[in-house]
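Notes to accompany the following structure.
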Amino acid sequence: MARDGAIYVCQACGAVHNKWNGQCTACGAWNTLVEEVSSSRPPGALAPAKSGKVRGGLTFETLDVETPAPPRIVTGMEEFDRVCGGGVVPGSAILLAGDPGVGKSTLLMQVCASAAINGASVAYISGEEAIEQVRARAQRMGLGHATVKLAAETALRDIVEGLKRDAFDLVVIDSVQTLWSDQLEAGPGSVAQVRAAAGELVRLAKKRRIAVILVGHVTKDGQIAGPRVVEHMVDAVLSFEGERGYPFRILRAAKNRFGATDEIGVFEMGDGGLREVKNPSALFLNDGGERSAGAAVFAGIEGSRPVLVEFQALVAPSAYGTPRRAVVGWDSGRLAMVLAVLEARCGLGFGDRDVYLNVAGGLRITEPAADLAAAAALASSALDQPLPQDCVVFGEISLSGDVRAVGRTDSRLKEAAKLGFARALAPGPSVSGPVTVAGATRLADAVRRIGDGDWR
Ligand code: TYD
Ligand code: MG
C-alpha cells in the first residue's frame with residue numbers, strides 16, 4: 001500500500017507511479033523508482049503549519065558572536081596553501097581551472113602527495129588517465145612513497161559510493177568534464193552533466209566534510225561546456241596559468257570564500273614536476289646586459305608579495321593603414337587608454353605606428369599601478385631613450401594625465417633596493433634614499449624625464 005502523499009518517480013524516464021515497483025512500467029528500467037512526497041500545492045507556495053498555529057519560523061542571530069577560524073588541511077605545498085587562504089578548508093569544494101596541458105594534474109598530484117605525507121587521507125580519481133599513467137607520473141616526480149589512493153573512474157554514481165566508504169580528508173577529481181551520471185541522457189562534458197556531477201560532489205563534500213578539488217579544462221574559444229557553470233557552486237575557483245614556452249606557472253584565486261583573491265602562487269615546471277618559487281620577485285626580470293629602449297621594470301605587488309617584472313614595448317612605423325596593437329600579459333583596454341593619454345597629454349603620437357607590449361616571463365599583470373611602467377616603456381621606445389639600468393617604475397595614470405599615488409610604496413621600494421635598484425620613477429615629489437625617487441605628478445613630467453635622461 002502506498003503511503004499517503006507518497007509518489008514514486010522513475011529516475012530514468014521521469015514517469016510517476018502511485019506505488020513502488022521493481023520495474024518502471026513506462027520505460028522498463030529496473031530499480032529506478034524513488035519515493036518522493038507529492039504535493040498538490042503550486043510550486044513555491046508555503047504549506048500551512050500542521051497544527052494551524054504559526055510557529056517560530058526563523059531565529060535570528062547577531063553578528064558579535066566569536067566564530068573560530070575554519071580548520072584547514074595544510075597540504076604542505078606552501079604556494080598552493082597560501083592561494084587557498086592558508087590551506088584547504090574541510091567540506092569545501094574548489095575548482096581548479098586551466099588550459100589543457102598547463103600542469104593541473106601535475107600540481108594536484110604533488111598537492112595530494114604532500115598532504116598525504118602530512119597525514120591527511122587523500123584520494124586522486126582520474127577520469128582522463130589510466131592508473132598506470134598517473135602512477136608513473138607520480139613515481140617520476142619522486143612521489144611513489146606517498147599514500148595517495150588512486151582510482152580511474154568516470155561514473156559519478158561509483159565515485160560517490162566509493163567516497164562514502166572511506167573517511168577521506170581530501171579528494172581530487174580530474175576532471176569534472178569526464179564525469180557522467182547515468183541519470184542524464186546528455187553526454188559527458190555537456191553542461192547538464194558537468195552541472196549534475198559538480199552539484200553532487202559539492203553536496204557530498206559538505207555532508208561528509210571532505211575537501212573536494214575539481215579539475216576543469218577551459219578552452220580559449222569556450223567550445224567545450226566549460227567549468228563556468230560550476231563556478232558559482234564551489235567555494236573557491238583557482239586558475240592555473242602559464243604562457244606557452246615559459247616554464248613559469250601562476251596559481252591565482254579568482255574566487256575564494258575562505259581567503260583573499262589577490263594571492264598568487266608561483267611554480268616552475270621542470271623534469272621533476274612543479275617546483276615552488278618561494279621568492280618570485282627577481283624571476284620576471286630580464287637580467288643580463290644593458291636595458292634597451294622600450295624596457296621598464298615595474299615594481300608590482302602580487303597578493304602579499306612584491307614582484308619586479310619587466311615591461312617591454314616596441315613602437316614601430318606601421319606598414320598598414322590600421323596600425324597594430326598587440327599586448328601579452330596586460331589588458332589591451334588599458335593599453336589603449338595609456339596610448340590615448342600619451343597622445344593627448346604628452347604629445348606622443350601613435351596613430352601611424354604599430355605598438356607591441358609584452359610582460360616578460362609570462363606573468364599577467366592586473367594592478368593599476370602598472371600604468372606608469374607601461375607608459376614609460378612605450379615612451380622609451382617611441383623616443384628611443386633607454387631608462388637607467390637601475391630604475392623601477394610604478395604609478396597609476398588618470399585620463400587627465402595625472403600620475404596617481406598607489407598603495408604599498410614602501411614595500412615596492414624596499415624590494416627594489418634588495419634587488420640592487422637605486423632609482424624609481426614614481427608618483428609624488430622627488431625623494432632621496434636607498435632608492436632615489438624621481439617624482440612625477442603628471443605623465444608629461446615622466447615622459448620629459450625619459451626624453452631628457454633627467455633622473456634627479
Ligand atoms: P599535466 O599536468 O598533464 O597538464 P593538465 O593536467 O593541465 O592537462 O601536464 C602536462 C605538461 O606538463 C606536459 O606537457 C608535460 C609537462 N610536464 C613536465 O614538463 N614535467 C613533469 O615532470 C611533468 C609531470 C609534466
Ligand atoms: Mg590532466
Side-chain angles (χ1 to χ4, degrees), residues 75-77 79-80 83-84 93-117 122-146 148-154 159 170-180 188-189 193-194 197-198 201 212-228 230-231 234 236-254 264-277 283 361-362 364:
T75 68
M77 283 281 276
E79 294 290 296
F80 180 83
V83 174
C84 291
I94 296 173
L95 173 71
L96 178 74
D99 295 337
V102 73
K104 300 182 292 300
S105 304
T106 307
L107 173 69
L108 290 179
M109 178 47 77
Q110 288 182 255
V111 165
C112 281
S114 182
I117 290 165
V122 182
Y124 185 101
I125 300 170
S126 178
E128 307 206 326
E129 293 162 299
I131 289 189
E132 291 72 31
Q133 275 175 291
V134 177
R135 189 187 287 131
R137 183 202 284 124
Q139 286 174 352
R140 201 151 32 80
M141 295 190 291
L143 303 173
H145 61 291
V148 177
K149 291 197 173 166
L150 298 180
E153 186 56 73
T154 56
I159 291 174
L170 175 68
V171 171
V172 166
I173 310 280
D174 187 2
S175 67
V176 71
Q177 272 113 345
T178 55
L179 300 186
W180 62 277
Q193 285 283 11
V194 169
L201 290 165
V212 172
I213 304 178
L214 304 171
V215 173
H217 293 295
V218 288
T219 52
K220 289 252 156 62
D221 50 353
Q223 276 298 316
I224 298 170
R228 290 260 118 173
V230 182
E231 282 180 15
V234 294
V237 178
L238 309 182
S239 67
F240 201 39
E241 306 161 358
E243 286 293 328
R244 232 164 258 286
Y246 291 104
F248 306 118
R249 300 286 182 270
I250 314 283
L251 184 69
R252 246 178 235 282
I264 63 165
V266 183
F267 300 87
E268 188 175 356
M269 181 67 92
D271 289 339
L274 291 157
R275 187 179 67 80
E276 296 183 80
V277 181
L283 203 63
R364 190 168 51 82

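Start at 1 and go down the list; that is how both ligands and their atoms are numbered. One is the number of the first residue; the rest follow in order along the sequence.
No donor-acceptor pair closer than 3.5 Å links the side chain of Ser114 to the backbone N or O of Val111. Under the 3.5 Å distance criterion, the side-chain polar atoms of Lys104 are left unmatched by any main-chain donor or acceptor of Val215. Side chain of Glu153 to backbone of Ile159: no donor-acceptor contact under 3.5 angstrom is found.
When each of Glu268, Met269, Gln110, Arg249 is checked for a side-chain contact (heavy atoms from CB on, under 4.5 Å) with Arg275, only Glu268 meets the rule.
Protein nitrogen, oxygen and sulfur atoms, that is N, O or S, within less than 2.8 Å of the Mg ion (ligand 2) amount to 1.
Contact between Gly272 and ligand 1 is present, with at least one heavy atom of the residue lying under 4.0 Å from the ligand.
Contact annotation: for Asp271 versus ligand 1, heavy atoms closer than 4.0 Å belong to the backbone alone. Both the backbone and the side chain of Ser105 come within contact range of ligand 1, each with a heavy atom under 4.0 Å. Contacts between Met269 and ligand 1, counted as non-hydrogen atom pairs separated by less than 4.0 Å, involve the side chain only.
The two residues Val83 and Gly265 make their nearest non-hydrogen contact at CG2-N, 3.3 Å. Leu214 and Ala198 make their closest contact through CD1-CB, 4.2 Å (heavy atoms, listed as atom of the first residue, atom of the second, distance).
By heavy-atom distance, the residue among Asp99, Thr106, Val102 lying nearest atom 9 (O) of ligand 1 is Thr106.
Some N or O of Gly103 is nearer than 3.5 Å to an N or O of ligand 1, by distance alone. Residue Lys104 has at least one nitrogen or oxygen atom sitting less than 3.5 Å from a nitrogen or oxygen atom of ligand 1, judged on distance alone. Checked by distance only, ligand 1 and Glu129 stay at 3.5 Å or farther apart across all their nitrogen or oxygen atoms.
For ligand 1 and Gly273, the ligand atoms under 4.0 Å from any heavy atom of the residue are 21 (C), 22 (O). With ligand atoms numbered from 1 in the order given, ligand 1 contributes 18 (C), 19 (O), 20 (N), 21 (C), 22 (O) to contacts under 4.0 Å with heavy atoms of Gly270.
Distance check on atom 21 (C) of ligand 1: some protein heavy atom falls below the 4.0 Å cut-off. By the definition of a contact as any protein heavy atom under 4.0 Å away, atom 18 (C) of ligand 1 is in contact.
Scanning the protein heavy atoms around atom 14 (O) of ligand 1, the nearest turns out to be Gly101 O, 4.3 Å. Here the protein heavy atom with the shortest distance to atom 3 (O) of ligand 1 is Arg137 NH2, 3.2 Å.
Note: Phe240 CZ to Leu274 CG = 5.0 Å, rounded to the nearest 0.5 Å. Here the CG atom belonging to Asp99 is positioned 10.0 Å from the NE2 atom belonging to His217, to the nearest 0.5 angstrom.
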